[in-house]
Amino acid sequence: MGYNVAIDGPAGAGKSTIAKLVAKEKGYIYVDTGAMYRALAIHFLKKGIAPEDTAGVVGACRDADVSIRYENGVQQVYLNGENVTGMLRTEEVGNMASRTSAIPEVREKLLELQRTLARENDVIMDGRDIGTNILPNADVKIYLTASVETRAERRYDELKQKGEECDLDTIAQDIKDRDERDMNRAAAPLKQAEDAILVDSSYMTIPEVVSEICSHCK
């Protein structure tokens, strides 16, 4: 059995950044579950399926193959044999992933892959329902959060650095809307597991957050 660390939390809390750094520090494999949902979202977008078209989304799951490979120690995400890693972080893909991940069949599609990785390896996995649903017996559970204002400012700075036009108020509203969807969906809603350690990164630096989480791991 692998040693499993689960990090849950809302959109923009820095889960992926922190999980990657903890994985490097502790020698775990980092499994980005959000990237898997985003890869499926790319599949739906390529097919021109609207997120509210549940039947279309469910049908499209049947011919989608999402896999993770590690090339030179870096996670790469493949969709039907195509490396889509560079397409995962757009706002369009993120919003599609948020809306379609509430569909039970979408979650079921990826669940077994995620659990198999965790059974066979020492992993750190981040998402919305890792500690509550995907890895309920994880050795360490973290709920990583930050205020909406902090998360919006971080996302704004990230997009500006990429040279993209963006509006802080729009980003903040998108984050609020995504929180609302994630916390109130019927399938595996976002919530803090009873045995999870709460880490609020609003006023913490990245190294401070990494150190805090590492202190709870073997």
Side-chain angles (χ1 to χ4, degrees), residues 2-42 66-79 83-91 93-94 97-98 101 110 113-131 134-135 138-146 150-151 153-159 161-162 175 178 182 190 192-193 196-218:
Y3 183 84
N4 299 165
V5 178
I7 299 184
D8 291 307
K15 299 184 299 296
S16 296
T17 298
I18 298 301
K20 288 174 187 174
L21 292 170
V22 173
K24 186 174 181 181
E25 178 77 19
K26 305 297 286 187
Y28 307 148
I29 288 176
Y30 167 61
V31 181
D32 182 356
T33 60
M36 296 179 180
Y37 286 103
R38 285 170 179 261
L40 275 184
I42 290 170
V66 176
S67 60
I68 285 183
R69 304 176 196 171
Y70 291 88
E71 299 171 2
N72 299 318
V74 178
Q75 176 181 275
Q76 302 293 326
V77 182
Y78 284 78
L79 169 66
N83 189 330
V84 295
T85 308
M87 306 152 81
L88 297 175
R89 296 297 168 185
T90 68
E91 289 296 293
V93 169
S98 175
S101 64
L110 298 175
L113 171 61
Q114 294 159 357
R115 286 180 173 165
T116 298
L117 282 167
R119 276 196 301 270
E120 297 175 353
N121 303 277
D122 292 344
V123 303
I124 183 166
M125 197 177 292
D126 73 284
R128 303 288 193 278
D129 64 337
I130 309 302
I134 295 173
L135 301 178
D139 299 277
V140 176
K141 298 179 186 179
I142 303 291
Y143 190 84
L144 179 63
T145 190
T150 298
R151 288 183 281 146
E153 287 169 3
R154 289 172 180 169
R155 182 62 176 157
Y156 178 84
D157 291 342
E158 180 185 341
L159 292 171
Q161 287 174 3
K162 292 179 179 178
I175 287 173
R178 198 173 297 187
D182 290 343
L190 168 66
Q192 181 178 342
I197 299 159
L198 176 65
V199 178
D200 187 330
S201 70
S202 297
Y203 301 104
M204 297 173 73
T205 65
I206 288 175
E208 286 172 343
V209 178
V210 171
S211 178
E212 171 67 19
I213 293 175
C214 283
S215 72
H216 298 288
C217 302
K218 75 169 187 181

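As a basis for the values below, the full set of heavy atoms in this structure was taken, side chains included, without hydrogen atoms, waters or symmetry mates. Values in this document were obtained by computation on a predicted structure and should not be read as measured data.
The two residues G131 and A6 have their closest heavy-atom pair at N-CB, 3.8 Å. Residues C214 and E25 share a closest heavy-atom pair of SG-CG, 3.7 Å. When every heavy atom of A41 is checked against every heavy atom of V93, the shortest pair comes out as CB-O, 3.7 Å. Between K218 and Y28, the shortest heavy-atom contact is O-OH, 3.2 Å. Heavy atoms only, all atoms of each residue included: Y143 and G9 are closest at CE1-CA, 4.0 Å. Across all their heavy atoms, A39 and V84 have their closest contact at CB-CG2, 4.2 Å.
Separating the OG1 atom in T150 from the CZ atom in R155 is a distance of 15.5 Å, to the nearest 0.5 Å. Between the OG atom in S98 and the CD1 atom in I175 there is a gap of 11.5 Å [rounded to 0.5 Å]. Taken to the nearest 0.5 Å, the CD1 atom of I142 stands 6.5 Å off from the SG atom of C217. How far CG of D32 is from CD1 of I68: 7.0 Å, rounded to the nearest 0.5 Å. Taking CG of L117 as the start and CD1 of I134 as the end, the distance is 11.0 Å to the nearest 0.5 Å. The structure places OG1 of T90 at 9.0 Å from NZ of K162, a figure rounded to the nearest 0.5 Å.
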Show your working on side chain to side chain contact (heavy atoms under 4.5 Å, CB included) between M87 and R38 and close with a plain yes or no.
CA-CA 9 Å; M87 306 152 81; R38 285 170 179 261; over 6 Å; no
Show the numbers, then the answer: is there a side chain to side chain contact (heavy atoms under 4.5 Å, CB included) between Y3 and V140?
CA-CA 9 Å; Y3 183 84; V140 176; 3.4 Å; yes
Side chain to side chain contact (heavy atoms under 4.5 Å, CB included) between I7 and I124: does it pass, once the steps are laid out?
CA-CA 7 Å; I7 299 184; I124 183 166; 3.6 Å; yes
Step-by-step side chain to side chain contact (heavy atoms under 4.5 Å, CB included) determination, R89 to S16:
CA-CA 11 Å; R89 296 297 168 185; S16 296; 3.9 Å; yes
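Within a 6.0 Å radius of OH in Y203, no more than 12 heavy atoms belonging to other residues, nucleotides or ligands are found.
Checked options R154, K15, E208, R151; the residue passing with S201 is R154 (criterion: side chain to side chain donor-acceptor pair (under 3.5 Å)).
Looking at D122 and K26, their side chains never come closer than 4.5 Å, going by heavy atoms from C-beta outward. The side-chain heavy atoms of V199 and M204, taken from C-beta on, include a pair separated by under 4.5 Å. Between L40 and V66, the closest side-chain pair of non-hydrogen atoms falls below 4.5 Å. Put simply, the side chain of V5 does not reach to within 4.5 Å of the side chain of V22, judged on heavy atoms.
Under the salt bridge (charged side-chain N to carboxylate O under 4.0 Å, His left out) criterion, D129 pairs with R107, not counting sequence neighbours. Residues passing the salt bridge (charged side-chain N to carboxylate O under 4.0 Å, His left out) test with K141, sequence neighbours excluded: D195. Among residues two or more places apart in sequence or in another chain, the side-chain contact (heavy atoms from CB on, under 4.5 Å) test is passed with A118 by N4, V123, M125, L135.
Of the possible polar contacts, one joining the T85 side chain to the V77 backbone as a donor-acceptor pair under 3.5 Å is found. Side-chain atoms of N72 never come within 3.5 Å of backbone atoms of V74 as a donor-acceptor pair (strictly under, hydrogens ignored). Under a 3.5 Å cut-off, the side chain of D8 and the backbone N or O of I130 do form a donor-acceptor pair. Side-chain atoms of Y70 come within 3.5 Å of backbone atoms of Y30 as a donor-acceptor pair (strictly under, hydrogens ignored).
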